Structures are given as C-alpha cells and as structure tokens.
Colleague: 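Here it is, the structure in full.
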Amino acid sequence: MNLLGKKALVTGAARGIGRGCAIALARAGADVVINDLQRSPDAEQTLTDIRAHGRMAELADGDAFDRSSCERVVARAIELLGRVDILVSNPAFSRRADYVDADPAQFEAVVRGTLLGGFHISQLVARHMIERGGGGKMVFISSVHAEIPYARSAAYNAAKAGLNHMAKTLAAEIVQHRINVNVIEPGWIDTPGEHATFGDAFIAEQGPKLPWGRLGTPGDIGRAATFLCSDDADYITGTTLVVDGGFLLRAALPLK
C-alpha cells in the first residue's frame with residue numbers, strides 16, 4: 001500500500017479516528033494536511049507524529065461544519081499540497097437524547113455536523129479532483145450506527161445512514177473521472193470521545209466482551225483507509241467496508 005508522492009487531506013484529524021487515518025497515510029508515504037477546528041496540543045501532536053515518518057504535515061484549521069470555512073480549508077490544503085489526491089472525510093458530532101425529548105436545535109446540529117459536514121468538504125474536493133483530472137480517492141468515515149438503530153441516537157443514526165447513501169451516490173456520479181469513493185463503518189473504537197462518553201472503567205470492562213476481544217483502535221481504521229486510498233483498491237468504489245471486529249455479528253453468536 002504505497003502512497004509515496006500522494007497528497008492527502010484528513011478532516012477531524014487532531015485525535016481519534018481522524019488522527020489514526022492521518023498517521024497511517026503518512027506511514028504509507030503520503031504528505032498530509034490535517035483539519036481540525038483550531039490549532040491545539042492534540043493537533044500539534046498529530047503533526048509531529050506525521051513528520052516522524054518523514055512526510056510533510058500542516059494544519060488547515062477551520063470548522064468542517066460550516067460551508068465558508070470548508071472553502072477556506074480546501075483552498076489552504078491545495079495551496080500547501082499543490083493538489084489533493086486523497087480525502088478522508090471524518091467530521092462528526094453526536095449528542096444522545098430520547099427521541100421524544102430531543103432538542104430540535106441539537107438534533108439539527110448533529111445532522112449538520114455529521115452529514116452536511118461530509119457534504120461540504122467532499123463536494124469541494126470532488127470539484128478540485130474533476131478539474132485537475134487524474135482521478136483520486138475519497139473515503140467517508142461512517143459508523144455501524146448506520147446499520148443499528150441505537151436508542152437515544154436517532155439523529156446520529158440517521159445522519160450516518162444518510163452519509164452512506166450520499167457517498168455511494170457521489171461514487172456513481174463521478175466514477176467516469178476515476179475517482180474512487182468508499183465508506184468505512186467503524187465499530188466500537190477506543191477514542192477519547194468514547195472514554196468521555198462512557199468512562200474508562202466501563203470501556204475496560206466491555207472490551208473483552210466484544211467478539212474480537214477488544215475495542216478497535218484508530219490505527220485499525222487508519223490501515224483500512226490506507227488500503228482504500230491505495231492502488232490495491234483501484235477496482236473498489238461505491239462500497240462500504242465494515243471494520244468492527246465482528247461487532248455487527250454479535251446477535252448471530254451463540255449465547256454465553
């Protein structure tokens with residue numbers, strides 16, 4: 001999975017899955033511009049880790065949920081890299097609430113951050129890839145929430161399911177330009193956000209109970225993204241790769 005000479009933009013890359021993707025792409029040889037809301041110690045650490053692999057790394061800070069900010073992020077990435085060959089779209093925002101009690105403004109914010117955030121960056125990058133020619137790779141980070149209607153997560157579930165369909169529609173529309181568009185559905189991944197939501201003790205307790213015996217890591221998702229962005233995946237577009245250690249198989253497993 002050689003990405004030497006490729007130029008990548010990864011959104012939401014200061015920590016968690018986005019960070020795992022950015023570092024994995026760099027390890028395979030790509031120069032990477034990371035996006036996050038603002039410069040922070042987490043973002044600086046991601047840049048340091050990318051550079052440790054001998055690759056160029058810069059930050060294009062900005063709000064991936066806002067159209068005008070996305071325009072600035074993409075323009076800055078093109079300025080820094082010269083072109084964008086790879087996009088890993090990883091914006092997301094989640095707040096849990098009972099459906100009947102959900103705050104409409106918060107519901108809209110989750111859909112905006114998770115679905116529309118993916119739309120804005122990907123449309124702008126798609127336009128760039130089409131204009132410059134030569135193909136490209138686009139990977140959307142979705143979730144098993146697109147498959148499972150988890151209680152108290154209606155907005156996030158719906159947004160991730162919509163993201164899957166949006167990405168596949170984009171794949172169909174730009175296939176003639178040799179731009180591969182695919183989706184990754186992570187399962188339960190060990191990220192700072194999950195620890196903040198569930199607590200360290202609960203995650204430590206639940207990990208061994210999962211089919212693979214552990215939570216996934218950002219590196220697991222990063223390696224999958226690297227594959228989809230490589231020439232090894234040249235004939236793959238419009239598909240969803242589930243990277244969940246068997247999480248979706250739990251209902252099919254024998255009861256213990």
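Since the structure is predicted, the reported quantities are computational estimates derived from the model, not experimental observations. Index from 1, following the sequence.
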Colleague: Can you see whether Thr217 engages Asp220 through a side-chain donor-acceptor pair at a distance of less than 3.5 angstrom?
Modeller: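 Yes, Asp220 and Thr217 have a side-chain donor paired with an acceptor closer than 3.5 Å.
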Colleague: I'd like to check the salt bridge (charged side-chain N to carboxylate O under 4.0 Å, His left out) partners of Asp61; sequence neighbours left out, ordered by chain and number.
Modeller: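 For Asp61, no residue satisfies salt bridge (charged side-chain N to carboxylate O under 4.0 Å, His left out) once neighbours in sequence are set aside.
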Colleague: Got a donor-acceptor contact below 3.5 angstrom from the Lys160 side chain to the Ala155 backbone?
Modeller: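 No, the answer is negative, given that no donor and acceptor are paired below the 3.5 Å cut-off.
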Colleague: Where is the tightest heavy-atom contact between Asp85 and Gly5, given as atom of each residue plus distance?
Modeller: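 Here Asp85 and Gly5 meet closest at OD2-O, 4.1 Å.
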Colleague: Ser89 side chain to Phe140 main-chain N or O, any donor-acceptor pair under 3.5 Å?
Modeller: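 Checking the backbone N and O of Phe140 against the side chain of Ser89, no donor-acceptor pair under 3.5 Å is found.
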Colleague: Closer than 3.5 angstrom, by distance alone: can the side chain of Thr11 be matched with the main-chain N or O of Asn90 as a donor-acceptor pair?
Modeller: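 Yes, Thr11 side chain to Asn90 backbone: donor-acceptor pair under 3.5 Å.
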Colleague: Between Leu25 and Leu228, is there a shared hydrophobic cluster once you connect ILVMFWY residues whose side-chain heavy atoms come closer than 4.5 Å?
Modeller: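 Same cluster.
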Colleague: Going by atom types only, do Ser142 and Asn164 share a side-chain donor-acceptor pair under 3.5 Å?
Modeller: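 Side-chain D/A pair, Ser142 to Asn164: present.
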Colleague: Keeping the roles fixed (side chain from Asn35, backbone from Leu9), state whether a donor-acceptor pair exists under 3.5 Å.
Modeller: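 No: the side chain of Asn35 does not pair with the backbone of Leu9.
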Colleague: Treating Ser69 as the side-chain partner and Phe65 as the backbone partner, does any N or O pair qualify as donor plus acceptor under 3.5 Å?
Modeller: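 Such a contact is absent between Ser69 side chain and Phe65 backbone.
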Colleague: Hey, any chance Val110 and Leu163 share a hydrophobic cluster, counting ILVMFWY side chains that come within less than 4.5 Å of each other, even indirectly?
Modeller: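 No; tracing contacts between hydrophobic side chains, which count when under 4.5 Å, never links both residues.
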Colleague: Can Asp66 and His120 be counted as having a side-chain donor-acceptor contact under 3.5 angstrom?
Modeller: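 Checked: Asp66/His120 side chains show no N/O donor-acceptor pair below 3.5 Å.
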Colleague: Checking the side chain of His53 only, and the main-chain atoms of Gly29 only, is there a donor and an acceptor separated by less than 3.5 Å?
Modeller: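 The answer is no, because no donor-acceptor pair under 3.5 Å joins these two groups.
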Colleague: Tell me whether Val88 is reachable from Met56 by hopping between hydrophobic residues (I, L, V, M, F, W, Y) whose side-chain heavy atoms are closer than 4.5 Å.
Modeller: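 No, separate clusters.
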Colleague: Work out which heavy atom in Asn182 is nearest to a heavy atom in Gly238; give both atom names and the distance.
Modeller: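 Taking every non-hydrogen atom into account, OD1-N, 3.2 Å.
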Colleague: Please confirm whether the backbone N or O of Arg83 pairs with a side-chain atom of Arg132, one donor and one acceptor, at under 3.5 Å?
Modeller: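 Not at all, since once roles are kept as given, no pair shorter than 3.5 Å links the two residues.
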Colleague: Which atom pairs, donor and acceptor, lie under 3.5 Å between side-chain atoms of residues 91-102 and protein residues at least two apart or in another chain?
Modeller:
from  : atom 1 : to     : atom 2 : distance (Å)
Arg96 : NH1    : Ser153 : OG     : 3.4
Asp98 : OD1    : Arg152 : NE     : 3.0

Colleague: Can you give the donor-acceptor pairs under 3.5 Å from side chains of residues 166-173 to other protein atoms, not counting sequence neighbours?
Modeller:
from   : atom 1 : to     : atom 2 : distance (Å)
Lys168 : NZ     : Thr240 : OG1    : 3.3
Thr169 : OG1    : His165 : O      : 2.8

Colleague: Pairing donors with acceptors under 3.5 angstrom, does anything connect the side chains of Arg67 and Gln123?
Modeller: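 Per modelled atom types, Arg67 and Gln123 side chains form a pair under 3.5 Å.
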